[in-house]
Amino acid sequence: MSAIPTLLTRQLHYVCGKGGVGKSVVACALARALVRQGERVLLAQVSAPDSHGPLLEIGAVGPEVREAEPGLFVVDIDPHAAMKEYALMTLKFEALYRTVFENRLTKAFLRFVPSMNELTMQGKIWWHAVEHHFSRIVVDCPSTGHGIKLLRTAQVIADAAPVGPLADKTRKMAELVRDPTRTALHIVTLPEELPVNEAHDLVAEVKRTGVAPLGVAFVNQVLGSLFDDETRASLATVRAHAAGDAALLHLLEVAERRVDRERLERGQRARARDLGMPVIELPYLLQPRLARADVERLAGVVMEAP
Ligand SMILES: Nc1ncnc2c1ncn2[C@@H]1O[C@H](COP(=O)(O)OP(=O)(O)OP(=O)(O)O)[C@@H](O)[C@H]1O
Ligand SMILES: [Mg+2]
């Protein structure tokens, strides 16, 4: 298992996981940690409602790469824009692009090629990685199928069409994504039973398909312990004396619920450590809506990881 600082020296970071577990928050925190280490970072979201803009307080993130602050570039990779750019890159000439891609029949056909969107987005990421000299690229993956589909596309297409205009580039893309010196697939989960089950499934799938080298398991929204053994024991003592005191009983109930929750959480945190990946636990931040200062705090946790 690589130490976390070594993993973070890789160029390409895919942040994967189920919907709502905190992929965008983790991607922003990771990007900020890397910028604070002096890297030139591209943070990419993939045709998502813009969550990076508000989290980092940098204004809207659009389809053009923009340096939002020194060292931090942001982009929203839109499949249609990316498809055109990718095709132009491959086919070289605008006229040829128009003939091939803006032909009504081709357009209809492309809609039925299920992987085309993923391929073009992957192509765009690859293009940034190779051509744009970003020392780090952080991709906030879509949650559909854990975001794995995006990563697998290049390989699937390279296998299916080993020759032809796309073959060379898709093969190089697939190689980059699989390269353990350049790419890391991070998994975000929560310290709860179902999300941890899903993280285990995802690890199994990544290993089975060999799609990309595994990186860090981020266990997000960890409550942590308010109660140690001693305070837990004193709760029982208090309960023995609380009979008839409604306010105290109410307070005890709240405390006992929290103790239960902490116990469940400890179990799931242990199961997350069994994923076989280095773990970074991120605290649950008690905010109605996370913003820049919260991202910075989480970035600090990432930077301190051993
Ligand atoms: N450590 C945390 N502490 C408190 N709230 C958090 C934390 N991490 C994430 N959240 C909140 O949880 C919600 C989901 O986070 P986020 O948008 O990053 O998830 P996501 O996995 O990107 O979701 P989606 O699959 O919809 O893209 C957000 O409201 C976010 O502010
Ligand atoms: Mg998101």
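Side chains are part of it too, since the values below use all heavy atoms of this structure and drop only hydrogens, waters and symmetry mates. Counting starts at 1 for both ligands and their atoms, in listed order.
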**Student:** Counting each atom of ligand 1 from 1 as listed, which ones have a heavy atom of Gly19 under 4.0 Å away?
**Tutor:** 25 (O)
**Student:** Under the criterion side chain to side chain contact (heavy atoms under 4.5 Å, CB included), I'd like the reasoning laid out for Val196 against Leu194: C-alpha separation, chi angles, the key distance, then a yes or no.
**Tutor:** CA-CA 5 Å; Val196 176; Leu194 285 182; over 6 Å; no
**Student:** Measure Leu282 to ligand 1 on non-hydrogen atoms and call it side chain, backbone, both or neither using the 4.0 Å cut-off.
**Tutor:**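 It is neither; nothing of Leu282 touches ligand 1.
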**Student:** Write out the residue and atom name of the closest protein heavy atom to atom 31 (O) of ligand 1, then the distance separating them to 0.1 Å.
**Tutor:** Leu290 CG, 3.4 Å
**Student:** List the closest protein heavy-atom neighbour of atom 20 (P) of ligand 1: residue, atom name, distance to the nearest 0.1 Å.
**Tutor:**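 Going by distance alone, atom 20 (P) of ligand 1 is nearest to Lys23 N, 3.4 Å.
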**Student:** Salt-bridge test for Glu256 and Arg239: reply yes if a basic N is under 4.0 Å from a carboxylate O, no otherwise.
**Tutor:** yes
**Student:** Search all heavy atoms of Gln268 against all heavy atoms of Glu192 and return the closest pair with its distance.
**Tutor:** CG-C, 3.7 Å
**Student:** Need the ligand 1 atom indices (1-based, order shown) with element for anything under 4.0 Å from a heavy-atom of Tyr284.
**Tutor:** 3 (N), 4 (C)
**Student:** Does Ser24 bring an N, O or S atom to under 2.8 Å of the Mg ion (ligand 2)?
**Tutor:** yes
**Student:** Does at least one non-hydrogen atom of Asn220 fall below 4.0 angstrom from an atom of ligand 1?
**Tutor:** yes
**Student:** Could you check whether Arg40 makes a cation-pi contact with Phe134, meaning its NZ or CZ is under 6.0 Å from the centre of the six-membered ring and within 45° of the ring axis?
**Tutor:**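 The answer is yes, since Arg40 meets both limits relative to Phe134.
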**Student:** At what distance is the nearest protein heavy atom to atom 6 (C) of ligand 1, and which residue and atom is it?
**Tutor:** Gln221 NE2, 3.3 Å
**Student:** What is the nearest protein non-hydrogen atom to atom 16 (P) of ligand 1, stated with its residue, atom name and distance?
**Tutor:** Gly22 CA, 3.6 Å
**Student:** Side chain to side chain contact (heavy atoms under 4.5 Å, CB included), that's the test. Do Arg261 and Arg257 meet it? Break it down for me.
**Tutor:** CA-CA 6 Å; Arg261 168 78 213 202; Arg257 266 214 301 276; over 6 Å; no
**Student:** Taking only heavy atoms of Ser143, which atoms of ligand 1 are found under 4.0 Å from at least one of them?
**Tutor:**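 Every atom of ligand 1 under 4.0 Å from some heavy atom of Ser143: 25 (O).
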**Student:** For atom 13 (C) of ligand 1, is the nearest protein heavy atom under 4.0 Å away?
**Tutor:**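 It does not: no protein heavy atom is found less than 4.0 Å away from atom 13 (C) of ligand 1.
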**Student:** Please report which non-hydrogen protein atom sits nearest to atom 4 (C) of ligand 1, along with the residue it belongs to and the distance in Å to one decimal place.
**Tutor:** Leu285 O, 3.2 Å
**Student:** Mark yes when over 12 heavy atoms from residues, nucleotides or ligands other than Arg297 sit less than 6.0 Å from its CZ; otherwise mark no.
**Tutor:** no
**Student:** Report the member of Cys16, Pro283, Ala27 with the shortest heavy-atom distance to atom 1 (N) of ligand 1.
**Tutor:** Pro283
**Student:** Quick one: nearest non-hydrogen protein atom to atom 18 (O) of ligand 1, plus distance?
**Tutor:** Val25 N, 2.9 Å
**Student:** Any chance CD of Glu64 has more than 12 other-residue heavy atoms, nucleotides or ligands included, within less than 6.0 Å?
**Tutor:**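 Atom CD in Glu64 is not packed in, count stays at 12 or less.
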**Student:** Are Asn220 and Val21 close enough, and set up right, to give a side chain to side chain contact (heavy atoms under 4.5 Å, CB included), and what steps lead you there?
**Tutor:** CA-CA 7 Å; Asn220 188 31; Val21 291; 6.0 Å; no
**Student:** Which label fits His186 and His13: parallel for a plane angle under 30°, tilted from 30 to 60°, or perpendicular past 60°?
**Tutor:**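 If you compare the ring of His186 with that of His13, the planes turn out parallel.
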**Student:** What protein heavy atom sits nearest atom 17 (O) of ligand 1, and how far away is it?
**Tutor:** Ser24 CB, 4.1 Å
**Student:** Does ligand 1 have any atom sitting under 4.0 Å from a heavy atom of Gly20?
**Tutor:**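 Gly20: in contact with ligand 1 (<4.0 Å).
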**Student:** Below 4.0 angstrom, counting only protein heavy atoms, does anything approach atom 28 (C) of ligand 1?
**Tutor:** no
**Student:** Please confirm whether the backbone N or O of Ile58 pairs with a side-chain atom of His52, one donor and one acceptor, at under 3.5 Å?
**Tutor:** no
**Student:** Do Phe218 and Val15 have side chains that approach each other closer than 4.5 Å (heavy atoms only, starting at C-beta)?
**Tutor:** no
